[in-house]
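Okay, structure first, notes after.
Just so you know, these numbers use all the heavy atoms, side chains as well, and skip hydrogens, waters and symmetry mates.
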Amino acid sequence: MKTSAFIKFILVTLITLILIAYFDLPIIVMIVTAFKQRADIFTPVPKWIFTPTIKNFVDIFVGTTTMAEGTLAIQNSLFFVTTSTVIAMFIGSLAAYGFSRFKFFGREDLIFFVLAQRFMPGIVIVLPMFVLYSSVGLRGTALGLILLYINSALPFVIWMMRSFFDEIPREIDEAARLDGHSWFTIFIKFVLPVARNGFLATFLFSFIFTWGEFLFALILTTPESWTMPIAIVNSRVSSEILWGQIAAYGVISIIPVFIIAIALQKYLVRGMTLGAVK
């Protein structure tokens, strides 16, 4: 390797490591704090060498020192987010396939209206949603939050999946129609497998966006239906904020997303280069 090329390699590697350390530093601090005792957390100079403990994680699951029951909050988040994401992916993919394959009056206006729902700040509609949910008895229920999350994810799913379906040749549909297949069968058996990478990439992003949702969960849930973000906020007692438990909650909250992202990594890269992001 030439000297100039070697120096360039060293500089690029060094800059990359510095950027990784800079952006990952909050996560590193959170993980370290989750295994610290209270005395080690509040030292004037941050301690990087200490005796690790799992007490913060035990307190979350036992629920003796936190206002939120950790196990229930984790179960709620997994159930609400997974259910709503799966339903939104199914309904949104069907709608996106219709927008991609069928021409009808006002199609472009309708797809723009669907996408425009993502432009609206949540704070604008949170009060009307609170009044509506309270009046129909959906506040604090699993069904209410799942319906809300489905509605929130649908515009993104439709927008992404339509781009993926537009990249698939229509000859596949036409050949299947000649063989006597219905449109739904074509969608399930022929088109969706081809768009698998884009489908999984969209699923991952939808899951992440819903997993971290805070505003509506804060207003529309009760302690029995708290999700992870709300449990983190309520990790306090009358005399102090439980920073160790908050850090432990943070570590637990990134585990599902991390696992899914690693499992779908190759599909994510291929999906995002298929046509949604150019």
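Remark: L143 CG to L147 CG distance equals 4.5 Å, nearest 0.5 Å. Rounding to the nearest 0.5 angstrom, the gap separating the CG atom in L200 from the CZ atom in F205 is 12.0 Å. Between Y97 atom OH and R162 atom CZ the span is 14.0 Å, to the nearest 0.5 Å. Atoms CG and CG, on N76 and L145 in that order, are 9.0 Å from each other to the nearest 0.5 Å. In this structure, CH2 in W243 is found 12.0 Å from CZ in R38, a value given to the nearest 0.5 Å. F165 contributes atom CZ, which lies 8.0 Å from atom CZ of R101 (distance to the nearest 0.5 angstrom).
Residues R177 and D173 are not paired through a salt bridge, judged by the lack of any N-O separation under 4.0 Å between the basic side chain and the carboxylate.
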- prompt: How far apart are the C-alpha atoms of F35 and T53, what are their side-chain angles, what is the distance that settles it, and do they pass the side chain to side chain contact (heavy atoms under 4.5 Å, CB included) test?
  reply: CA-CA 5 Å; F35 292 94; T53 177; 5.6 Å; no
task: Let me see the working for T85 and Y149 under side chain to side chain contact (heavy atoms under 4.5 Å, CB included), right down to the final yes or no.
output: CA-CA 8 Å; T85 303; Y149 285 163; over 6 Å; no
- request: Determine, stepwise, if the pair F216 / T221 fulfils side chain to side chain contact (heavy atoms under 4.5 Å, CB included).
  value: CA-CA 8 Å; F216 289 102; T221 60; over 6 Å; no
field: Check against side chain to side chain contact (heavy atoms under 4.5 Å, CB included), S206 and M89
entry: CA-CA 8 Å; S206 299; M89 287 300 303; 4.2 Å; yes
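Both F102 and F164 belong to a common hydrophobic cluster when Ile, Leu, Val, Met, Phe, Trp and Tyr are linked at side-chain heavy-atom distances under 4.5 angstrom. In the hydrophobic clustering of this structure, V29 does not group with L17; members are Ile, Leu, Val, Met, Phe, Trp, Tyr whose side-chain heavy atoms approach within less than 4.5 Å, directly or through other members.
At a threshold of 4.5 Å between non-hydrogen side-chain atoms, the residues T82 and F207 count as touching.
S100 and D166 share a side-chain donor-acceptor pair at under 3.5 Å.
Using the six-membered ring where Trp is involved, F187 and F184 have ring planes that are tilted, between 30° and 60° apart.
Scanning both residues, I60 and Q245, for their nearest heavy atoms gives CD1-O, 3.5 Å.
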